[in-house]
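Contents: one structure, followed by commentary.
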Amino acid sequence: MRTQVGIVGAGPAGLLLSHLLHLRGIESVVLEARNRSDIESTIRAGVLEQGTMDLLNEAGLGARMQAEGAVHHGFELAFEGQRRRIALTELTGHSITVYAQHEVIKDLVAARVAADAALKFGVSDVSLHDFESGGTSRPRIRYAHEGDRHELECDFIVGCDGSQGVARGSMPQAQRHDYQRIYPFGWFGILVEAPPSSNELIYARHDRGFALISTRSPTVQRMYFQCDPKDSADAWSDDRIWAELHARVDTHDGWQITEGRIFQKNIVGMRSFVSTPMQSGKLFLAGDAAHIVPPTGAKGMNLAVSDVRVLTAALRAFYEEGTNDQLDRYTETALKRVWRAEHFSWWMTRMLHKLDDTSPFEQRLQVAELEHVTTSHAAATALAENYVGSVAV
Ligand code: PHB
């Protein structure tokens, strides 16, 4: 089998890349280890920057997002028993949409299936070959599917298979440099059947630790609180969860979060990670395969989309104009936004979480910083620009 672009992984990066290439008349094949219902139901974050929304709309993928997603014009920072608003739209002219990542995945899969795309689920034993520059043979992806071994020959391979995938590990070790920070805490996430506690997201800093009140729909809410990453979700009764969330988020004026039936619990670890370069010969990495952010800045999926935007433009220039320079500069171009988001996510994480080494002095510094970003127009604007993704890079 042959194609132009062989894509490993059907997450937001791989599916969107395949769709955008298709719109430009470039053929691709997407290979995914999991099955369709798994990728369409895995619970992930849900904040889309305006640039991400615009791209999905322009690509004809925005109908359900517009109908079911919620546009937010601000969010709140809770600390010292009060809530202060960051007016995103007023400060930046841009908003965000809360629409779960697995809903984006469903829309992307539906669009690919409707276009009769080559999208294979349940593949295994994936290995990447002959992508190094200077080689005489074309890049190939070997894989197993439904009991048979296959080989896919392509012009380019794009690894969109996440942080545990094979693509990053296939990059020549001698060229690679990884940067990493593992945080000594995780997020305990719950899904709750309840009306929203607030019209906007609430990021809370408390001496007991961080908490986040987010939403999924008028009847389902998403909430998180900082926990030990080695803790077990079963060790937390519903009563204990509500007590912790009330302690961290409720304000001194009597306002409280709204409780409801908890129907899902999970714990996620937190790390910052960047692997460079994001390309080697005819192999390119996009999204979590190349970089991870802690969820505090809500940047994960938006970064995947921004990689894909850069790579699509570069592949278009290659196929339509025969030029290589955008492809050659892919790592350099993509990493600018990646490092901006890495810094912002780390900064938000550090400002809002209880850190192992937080002394009373550092706790007061966190509060001083929150006072500053909610009081100074300049500081609030910098935070808002980073959050909506309109910041210059
Ligand atoms: C979510 O709704 O899952 C969510 C929202 C904002 C974040 C992270 C996760 O920063």
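Every number for a ligand or one of its atoms is a count from 1 in the order of the listing. Please read all numbers here as calculations on a predicted model, not as lab measurements.
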Under 3.5 Å, is there a donor on one side chain and an acceptor on the other for [X] and [Y]?
| X | Y | result |
| --- | --- | --- |
| R222 | Y224 | yes |
| R112 | S18 | yes |
| E132 | S280 | yes |
| S272 | Y183 | yes |
| E49 | H94 | no |

Please answer whether the main-chain N or O of A289 pairs with a side-chain N or O of R168 as donor and acceptor at a distance below 3.5 Å. yes

Applying a 4.0 Å heavy-atom criterion (strictly less than), which segment of [X] is in contact with ligand 1: side chain, backbone, both, or neither?
| X | answer |
| --- | --- |
| S214 | side chain |
| L201 | side chain |
| F75 | neither |

Under a 4.0 angstrom heavy-atom cut-off, which atoms of ligand 1 come close to [X]?
| X | result |
| --- | --- |
| T296 | 10 (O) |
| G46 | 1 (C), 3 (O) |
| R216 | 1 (C), 2 (O), 3 (O) |

Answer with yes or no whether W187 contacts ligand 1, where contact means a heavy atom under 4.0 Å from a ligand atom. yes

4.0 Å heavy-atom contact, M348 with ligand 1: no

Would you give the length of the straight line joining atom CE of M301 to atom CD of Q101, rounded to the nearest 0.5 angstrom? 4.5 Å

Identity and separation of the nearest protein heavy atom to [atom]:
| atom | value |
| --- | --- |
| atom 8 (C) of ligand 1 | P295 O, 3.4 Å |
| atom 3 (O) of ligand 1 | Y224 OH, 2.6 Å |
| atom 6 (C) of ligand 1 | Y203 OH, 3.3 Å |

How are the rings of Y387 and Y203 set to each other: parallel, tilted or perpendicular (split at 30° and 60°)? perpendicular

Taking the minimum heavy-atom distance to atom 5 (C) of ligand 1, which of T349, V47, V268 ranks first? V47

Return yes or no for this condition: an N or O of T215 is under 3.5 Å from an N or O of ligand 1. no

Take D253 and R83 through the test salt bridge (Lys or Arg N to Asp or Glu O under 4.0 Å) and record every step on the way to the result. CA-CA 10 Å; D253 60 8; R83 292 192 283 156; over 6 Å; no

